[in-house]
Amino acid sequence: MAQPVGIKDVARAAGVSVGTVSNVINRPDTVATETRARVLSAIDRLGYVRSESARQLRAGRSRIMGLLVLDMGNPFFVDVARGAERAARDAGLGVMVCNSAESAGEEAEYLSLFAEQRVRGVLLTPADATGRNIASFRRHGIPFVLVDRVSEGTTECSVSVDDVAGGELAVRHLVDAGHRSIAYVSGPPGFTQVRDRRTGALNALAEAGLGPRNLRELPTERLDVAAGRDAGARLLGLAERPTAVFCANDLLALGVLQAMYAAGVNVPQDLAIVGYDDIEFAAAAAVPLTSVRQPAVTMGALAAGMLLEETEEGGAGAARHEHRRVVLQPELVVRRSSLSAR
């Protein structure tokens, strides 16, 4: 394997000092035109690429922001990444995107990687419900912002959506359509989002004079389409089947929809379905999916902006920065999957 070309190789080829090559790269106006041209020609001929990691070690600053999400297979987190990447790029930074796959163990490994790489800061949607990973990462002194999670019990910034309000929107819509027996396909109960959406669902039932018995919870181990299909199969096996389903995210809802289609159950006439996130595939489903929309791109951009503010060049950002909690409001997008009156 060929050895990478170093700055000493460029200096030797151009007949100049290492310091002159460094000036051409970092302060070209300080180098005579003829000398600068000779160095640039050597760089081009040898294929020299500056070692960004070495530069960062010398400067003590990174141009990389870490982003660790629960599931990059979920288009919601793809949109979060798009918003964060756009804000980072505008500030001259790159984003290292990692996927914890809803695993606390993988989350811990990626947080250790971020610390080793001395990233500028981290945008994090936690997978570890205990908070131990965050507590361990905090010791490194690297700023981070929680995304899609309220910063309860921490002093860091967070950007999230009011998931209690989102759950209320979903189930109030179903109650207004006449449904009195509703299933909640919830996902892993350790996730705050799952619990908050359930709380909202119960609030909407209480508004209508209905109790917790009117909400049949079907927990799943994951928040993906396969878990939704499994929940749909369990739903079909119930002796008294609910007339409507609220799912903790759209991937679960699409899985339920697939299970109903395979079993010949008509949606929405026999079963109304409401999802959460309003991913792109929701509107494109065989039966367009009613969903609670989260402003995912905005969440990513806001979180990145907070991190950039805190890590502003020169160290002044941290001195002026005030940690804050931003909670955005969700919106119900009604489509055919829930348009059936009881």
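- Partners of Asp176 under the side chain to side chain contact (heavy atoms under 4.5 Å, CB included) rule, at least two apart in sequence or in another chain, are Arg172.
- Distance CD/Glu331 to CD/Gln294: 12.0 Å, rounded to 0.5 Å.
- Under the side chain to side chain donor-acceptor pair (under 3.5 Å) criterion, the residue pairs touching residues 65-79 are Asp79-Arg82, with sequence neighbours excluded.
- Taking hydrophobic clusters as Ile, Leu, Val, Met, Phe, Trp and Tyr residues chained together by side-chain heavy-atom distances below 4.5 Å, Ile273 does not share a cluster with Val333.
- Taken from CG in Asp148 to CG in Leu123, the straight-line distance is 12.5 Å, to the nearest 0.5 Å.
- Side-chain contact between Ser338 and Pro268: absent, with no pair of heavy atoms (C-beta onward) separated by less than 4.5 Å.
- Under the 4.5 Å side-chain criterion, counting only non-hydrogen atoms from C-beta, Phe114 is not in contact with Phe144.
- With salt bridges taken as basic N to acidic carboxylate O contacts below 4.0 Å, one links Asp278 and Arg335.
- The closest donor-acceptor contact from the side chain of Asn249 to the backbone of Leu223 lies under 3.5 Å.
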Donor-acceptor contacts under 3.5 Å from residues 89-96 side chains, at least two apart:
residue	atom	partner	partner atom	Å
Arg89	NH1	Glu85	OE1	2.6
Arg89	NH1	Glu85	OE2	2.8

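- Smallest separation of non-hydrogen atoms from Pro295 and Leu328: CG-CD1, 3.6 Å.
- Taking CZ from Arg197 and CG from Asp162, the interatomic distance works out to 11.0 Å, rounded to the nearest 0.5 Å.
- Side chain of Ser136 to main chain of Asn133: no donor-acceptor pair is present (N/O by atom type, distance under 3.5 Å, no hydrogens or angles).
- Rounded to the nearest 0.5 Å, atoms CG (Leu215) and CZ (Arg198) are 6.5 Å apart.
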Could you please spell out the steps behind the side chain to side chain contact (heavy atoms under 4.5 Å, CB included) verdict for Leu251 and Ile279? CA-CA 9 Å; Leu251 296 183; Ile279 62 176; 3.9 Å; yes
Apply side chain to side chain contact (heavy atoms under 4.5 Å, CB included) to the pair Arg180 and Val175, showing each step before the final yes or no. CA-CA 6 Å; Arg180 295 296 180 267; Val175 169; 3.6 Å; yes
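- Side-chain atoms of Ile182 and Val245, non-hydrogen and from C-beta on, never get closer than 4.5 Å to each other.
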Is there a side-chain hydrogen bond (donor to acceptor under 3.5 Å, both in side chains) between Asp163 and Gln193 once you walk through the steps? CA-CA 6 Å; Asp163 284 315; Gln193 299 95 320; 5.6 Å; no
For the pair Val119 and Met65, evaluate side chain to side chain contact (heavy atoms under 4.5 Å, CB included) and give the outcome as yes or no after the intermediate values. CA-CA 6 Å; Val119 296; Met65 177 187 300; over 6 Å; no
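- Taking OG of Ser337 as the start and CG of Leu289 as the end, the distance is 4.5 Å to the nearest 0.5 Å.
- The heavy-atom pair separating Gly190 from Arg195 by the smallest distance is O-NH1, 2.9 Å.
- Ile64 and Ile142 end up in the same hydrophobic cluster when Ile, Leu, Val, Met, Phe, Trp and Tyr side chains are linked at under 4.5 Å.
- Among all heavy-atom pairs drawn from Ser160 and Met299, the shortest one is CA-CE, 4.0 Å.
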For Asp230 and Arg234, what are the C-alpha separation, side-chain angles and deciding distance, and is it a salt bridge (charged side-chain N to carboxylate O under 4.0 Å, His left out)? CA-CA 6 Å; Asp230 175 72; Arg234 284 184 280 151; 3.2 Å; yes
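- By the neighbour-count criterion of 12 heavy atoms within 6.0 Å, atom CD of Glu207 is densely surrounded, having more than that number from other residues, nucleotides or ligands.
- Donor-acceptor pairing under 3.5 Å is lacking for the side chains of Thr290 and His173.
- Ring planes of Phe246 and Tyr184: parallel class, angle under 30° (limits at 30 and 60°).
- Looking only at side-chain heavy atoms (C-beta outward), Leu146 and Pro126 come within less than 4.5 Å of each other.
- The hydrophobic clustering, which links ILVMFWY residues whose side-chain heavy atoms are closer than 4.5 Å, places Val292 and Val327 apart.
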Check step by step if side chain to side chain contact (heavy atoms under 4.5 Å, CB included) holds for Leu205 and Val171. CA-CA 7 Å; Leu205 290 174; Val171 172; 4.0 Å; yes
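- Taking hydrophobic clusters as Ile, Leu, Val, Met, Phe, Trp and Tyr residues chained together by side-chain heavy-atom distances below 4.5 Å, Leu302 shares a cluster with Val78.
- Between the side chains of Ser100 and Glu106, no donor-acceptor pair of N or O atoms lies under 3.5 Å.
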Given the rule in the side-chain hydrogen bond (donor to acceptor under 3.5 Å, both in side chains) test, do Asp250 and Ser291 qualify, once you have shown the distances and angles that lead to the verdict? CA-CA 7 Å; Asp250 285 341; Ser291 184; 2.8 Å; yes
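- Within a 6.0 Å radius of CZ in Arg27, more than 12 heavy atoms belonging to other residues, nucleotides or ligands are found.
- At a threshold of 4.5 Å between non-hydrogen side-chain atoms, the residues Val122 and Phe137 count as touching.
- Judged by distance alone, with hydrogens and angles left aside, the side-chain atoms of Arg38 form a donor-acceptor pair with the main-chain N or O of Ala14 at under 3.5 Å.
- Contact check for Phe77 versus Thr125: side-chain heavy atoms found under the 4.5 Å cut-off.
- Taking every heavy atom of both residues into account, Gly166 and Tyr276 meet most closely at CA-OH, 3.5 Å.
- Taking each heavy atom of Glu221 and Pro188 in turn, the nearest pair found is O-CG, 3.2 Å.
- A continuous path of Ile, Leu, Val, Met, Phe, Trp and Tyr side chains, each step under 4.5 Å between heavy atoms, connects Val39 with Ile7, placing both in one hydrophobic cluster.
- Between Val80 and Val147, some side-chain heavy-atom pair lies under the 4.5 Å cut-off.
- Remark: Glu156 does not engage Arg149 in a salt bridge, criterion side-chain N to carboxylate O under 4.0 Å.
- Inspection of the Tyr110 and Asn99 side chains reveals no N or O donor paired with an N or O acceptor under 3.5 Å.
- With respect to the salt-bridge test (charged N to carboxylate O, under 4.0 angstrom), the residues Arg216 and Glu240 do not qualify.
- Screening Val256, Asp270, Leu257 for a side chain to side chain contact (heavy atoms under 4.5 Å, CB included) with Val265, the sole residue that qualifies is Asp270.
- Closest approach of Ala231 to Val185, counting heavy atoms only: CB-CG1, 3.6 Å.
- Annotation: the span from Arg241 atom CZ to Leu271 atom CG amounts to 7.5 Å, rounded to 0.5 Å.
- Panel note: side chain Arg36, backbone Val31; a donor-acceptor pair is recorded below 3.5 Å.
- Counting heavy atoms from C-beta on, the side chains of Pro242 and Leu235 come closer than 4.5 Å.
- Side-chain N or O atoms of Ser41 include none that pairs as donor or acceptor with a backbone N or O of Ala37 at under 3.5 Å.
- At least one donor-acceptor pair under 3.5 Å links the side chain of Glu107 to the backbone N or O of Ala127.
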